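After the structure tokens below, expect a handful of questions from me.
Predicted model, so just to flag it, every value in this text is computed and none were measured. These values consider heavy atoms only, across backbone and side chains, with no hydrogens, waters or symmetry-generated copies. Throughout, a chain's letter reflects where its sequence line sits, starting with A, and its residues are numbered from 1.
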Amino acid sequence: MRVPHDPWPADQAEALRQQLALRARVEAGGPLPAVRTAAGLDVSYDGETGRAVAAAVVLDLATLTVVEAATATGEVTFPYVPGLLAFRELPVLVDALERLTVTPDVLVCDGYGVAHPRRFGLACHVGVLTGLPTFGVAKTPFTSAHAEPGPGRGDWLPLTEDEEVLGRVLRTQPKVKPVFVSVGHRVDLATATTLTLALAPRFRLPETTRHADQLSRRLLGGLYAAR
DNA sequence: GCGACAG
DNA sequence: ATCTTGTCGC
């Protein structure tokens, strides 16, 4: 798939400008009729060499089997700055996305969407660039206030900032630490929640993320062994 | 002013 | 993200 984008920022000031400009292009969305495929995205790093490996893995939602997988490698230059994660991960992530021959119905990102200090997390950025529905599933809390949801699978509580609902703290497995779901682009929060649960029938994290995570670190390890 | 802070 | 062994439980 094609992923048109501006030049990647070289510094934090430029990144912040791009973020605030692109933010205006986020679109709200409703339910997604007929979601057949969902793609998981993730990036692994080698701290020594600065090497990054991205993976995009497309799953069939009904069977949770792999439809297609694409990877890309590159050198990371942008530092990790909370709130600017997208600028660190996107360059190599976009390369991986462009190597997909199928267009997924929805993209599942590793991190936050609108539940972000400036309402424009990684999932929003990926959505604006691809034009596809996106949402984020994060493993740890970020900035929004949250309480502990009930112990059952599917139990959730809103992620809020003041009176504003920005996402959900969602329990995907009984008595297992919850995940943090927020909308990215062209999909609503209820649908993102439903999809997250559908993608995580057995483990805490969605199968999409698990596949992308495993593939990216496996390739990173393989590259290291081959040096 | 001092921490906290997705991956 | 990444550094890392054994160990508890199904």
Heavy-atom check, side chain of Leu84(A) versus side chain of Arg118(A), under 4.5 Å: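 SC-SC contact between Leu84(A) and Arg118(A) confirmed.
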
Range on DNA chain B touched by chain A - first to last nucleotide, heavy-atom distance under 4.0 Å: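 Boundary nucleotides touching chain A, in 5' to 3' order, are dC5(B) to dG7(B).
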
Test side-chain hydrogen bond (donor to acceptor under 3.5 Å, both in side chains) applied to Gln214(A) - qualifying residues, sequence neighbours left out: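 Result, side-chain hydrogen bond (donor to acceptor under 3.5 Å, both in side chains) vs Gln214(A): none returned.
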
Other residues, nucleotides, ligands: >12 heavy atoms within 6.0 Å of Arg36(A) CZ: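 No, the 6.0 Å shell around CZ holds no more than 12 heavy atoms from other groups.
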
Consecutive-pair stems (at least three Watson-Crick or G-U pairs, under 3.5 Å) that include DNA chain B: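 Stems for DNA chain B, defined as runs of 3 or more consecutive pairs: none.
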
Audit row: Val106(A), Leu61(A), side chain to side chain contact (heavy atoms under 4.5 Å, CB included) steps and yes/no: CA-CA 10 Å; Val106(A) 61; Leu61(A) 185 62; over 6 Å; no

NZ/NE/NH1/NH2 to OD/OE distance under 4.0 Å, Asp95(A) and Arg99(A):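 A salt bridge is absent here (no side-chain N lies under 4.0 Å from a carboxylate O).
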
Linked hydrophobic residues, Leu97(A) as query - side chain contacts closer than 4.5 Å: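 Besides Leu97(A), the hydrophobic cluster comprises Met1(A), Val3(A), Trp8(A), Leu41(A), Val43(A), Tyr45(A), Val58(A), Val67(A), Val76(A), Tyr80(A), Leu85(A), Leu90(A), Val92(A), Leu93(A), Val94(A), Leu100(A), Val102(A), Leu107(A), Leu122(A), Val126(A), Leu129(A), Leu132(A), listed by chain and residue number.
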
Gap separating the NE2 atom of His211(A) from the CG atom of Leu205(A), nearest 0.5 angstrom: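 Between atom NE2 of His211(A) and atom CG of Leu205(A) there are 12.0 Å.
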
Sub-4.5 Å side-chain heavy-atom contact between His116(A) and Cys124(A):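 In short, these two side chains do not touch, never coming nearer than 4.5 Å.
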
Charged N-O contact under 4.0 Å between Arg171(A) and Glu148(A):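 Between Glu148(A) and Arg171(A) there is a salt bridge, with a charged N closer than 4.0 Å to a carboxylate O.
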
With sequence neighbours excluded, residues passing side chain to side chain contact (heavy atoms under 4.5 Å, CB included) with Arg17(A):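 Applying side chain to side chain contact (heavy atoms under 4.5 Å, CB included) to Arg17(A) gives Glu14(A).
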
Sugar-phosphate, base or nothing in reach of Leu90(A), heavy atoms under 4.0 Å: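 No contact.
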
Flag side-chain contact, heavy atom, 4.5 Å: Gln173(A) against Phe203(A):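 Gln173(A) does not reach Phe203(A) side chain to side chain.
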
Sequence neighbours excluded, every pair satisfying salt bridge (charged side-chain N to carboxylate O under 4.0 Å, His left out) that has a member inside residues 128-144 of chain A: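 Counting only pairs at least two positions apart or across chains, the salt bridge (charged side-chain N to carboxylate O under 4.0 Å, His left out) contacts touching residues 128-144 of chain A are Asp110(A)-Lys139(A).
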
Side chain to side chain contact (heavy atoms under 4.5 Å, CB included) involving Thr143(A) - partner list, sequence neighbours excluded: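 Testing Thr143(A) for side chain to side chain contact (heavy atoms under 4.5 Å, CB included), a comparison that skips the adjacent residues, returns Pro117(A), Glu161(A).
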
Touch class at under 4.0 angstrom, heavy-atom based, for Pro141(A) against every strand present: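 It contacts sugar-phosphate atoms only.
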
Protein-nucleic acid N or O pairs under 3.5 Å, nucleotides 1-4 of chain C:
| residue | atom | partner | partner atom | Å |
| --- | --- | --- | --- | --- |
| dA1(C) | OP2 | Lys139(A) | NZ | 3.1 |
| dT2(C) | OP1 | Tyr45(A) | N | 3.4 |
| dT2(C) | OP2 | Arg217(A) | NH2 | 2.9 |

Validation row: Arg153(A), Leu197(A) side chains within 4.5 angstrom (heavy atoms):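 They are in contact (side-chain heavy atoms under 4.5 Å apart), so the answer is yes.
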
With a 3.5 Å cut-off and sequence neighbours excluded, list the donor-acceptor pairs that the side chains of residues 177-188 of chain A form with protein atoms.
| residue | atom | partner | partner atom | Å |
| --- | --- | --- | --- | --- |
| Ser182(A) | OG | Gly113(A) | N | 2.7 |
| His185(A) | ND1 | Glu27(A) | N | 3.0 |
| Arg186(A) | NE | Gly131(A) | O | 3.2 |
| Asp188(A) | OD1 | Ala190(A) | N | 3.3 |
| Asp188(A) | OD1 | Thr191(A) | N | 2.7 |
| Asp188(A) | OD1 | Thr191(A) | OG1 | 2.6 |

Flag side-chain contact, heavy atom, 4.5 Å: Thr208(A) against Val57(A):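 When only atoms from C-beta onward are counted, Val57(A) and Thr208(A) do not touch, as no gap falls below 4.5 Å.
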
Sugar-phosphate, base or nothing in reach of Gly136(A), heavy atoms under 4.0 Å: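 Nothing, no nucleic acid heavy atom in range.
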
Closest non-hydrogen atom pair, Arg88(A) against Phe78(A):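 Taking every non-hydrogen atom into account, NH1-O, 2.8 Å.
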
Polar atom pairs (N or O), protein with nucleotides 5-8 of chain C, under 3.5 Å:
none

Sugar-phosphate only, base, or nothing, as touched by Thr143(A) at under 4.0 Å among non-hydrogen atoms: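 It contacts nothing in the nucleic acid.
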
Interface residues of residues 150-179 of chain A with DNA chain B (non-hydrogen, below 4.0 angstrom):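 Contacts with DNA chain B under 4.0 Å: none.
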
Runs of at least three Watson-Crick or G-U pairs with DNA chain C, cut-off 3.5 Å: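 So far as stems of 3 or more pairs are concerned, DNA chain C shows none.
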
Exceeds 12 heavy-atom contacts within 6.0 angstrom, atom CD of Glu75(A):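 Yes, the 6.0 Å shell around CD holds more than 12 heavy atoms from other groups.
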
